[in-house]
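I have placed the structure first, in the form of structure tokens, so that the comments after it can refer back to it.
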Amino acid sequence: MLKKLPAGGLLKKTRDTPATLTQQQRTALIRKGNEVLNRGDVALAERIFRTTQYGAGLSRVGDLYLQQGRPLEALGAY
């Protein structure tokens, strides 16, 4: 079971200071995240959604990880 743990552990990692984005930048990034998620690039979408702190997108990423049989990654996304 321990071998299945992700290399970074289960704790969410945050920046020391959150990214400073305007509302327009955040909206554009969220749209981009949705586009790449729909294309199947789950890892990039997750990075974008974490940067923008977009919870709904991270939930979708978690759902996809569960469908792929990756429950630990799903837990990290949720």
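What you see is a predicted model, and the numbers here were worked out from it, not measured in a lab. Index from 1, following the sequence.
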Notebook entry, point to check: Can you find a pair of side-chain heavy atoms, one from Q24 and one from T27, that are under 4.5 Å apart?
Noted result: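 Q24 does not reach T27 side chain to side chain.
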Checklist line | Heavy-atom side-chain contact between Q68 and V42 under 4.5 Å | finding: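 Heavy-atom side-chain distance check passes, below 4.5 Å.
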Margin query: I need the E35 CD to I48 CD1 distance, nearest 0.5 Å.
Written below: 9.0 Å
Notebook entry, point to check: What's the spacing between T22 OG1 and Q25 CD if we round to 0.5 Å?
Noted result: 3.5 Å
Next item on the list: Please name the residue in the list L29, L37, L44 that meets the side-chain contact (heavy atoms from CB on, under 4.5 Å) test with F49.
Entry: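 For F49, the side-chain contact (heavy atoms from CB on, under 4.5 Å) test succeeds with only one of L29, L37, L44, which is L37.
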Check: How would you list, by chain and number, every residue that makes a side chain to side chain contact (heavy atoms under 4.5 Å, CB included) with R26, sequence neighbours excluded?
Finding: L21, Q23, I30, T52, Y54
Residues 60-67, side-chain donor-acceptor partners within the protein, below 3.5 Å, at least two apart:
unit_1: R60; atom_1: NH1; unit_2: N34; atom_2: OD1; d: 2.6
unit_1: R60; atom_1: NH2; unit_2: N38; atom_2: OD1; d: 3.4
unit_1: D63; atom_1: OD1; unit_2: Y78; atom_2: OH; d: 2.3
unit_1: Y65; atom_1: OH; unit_2: E46; atom_2: OE1; d: 2.7

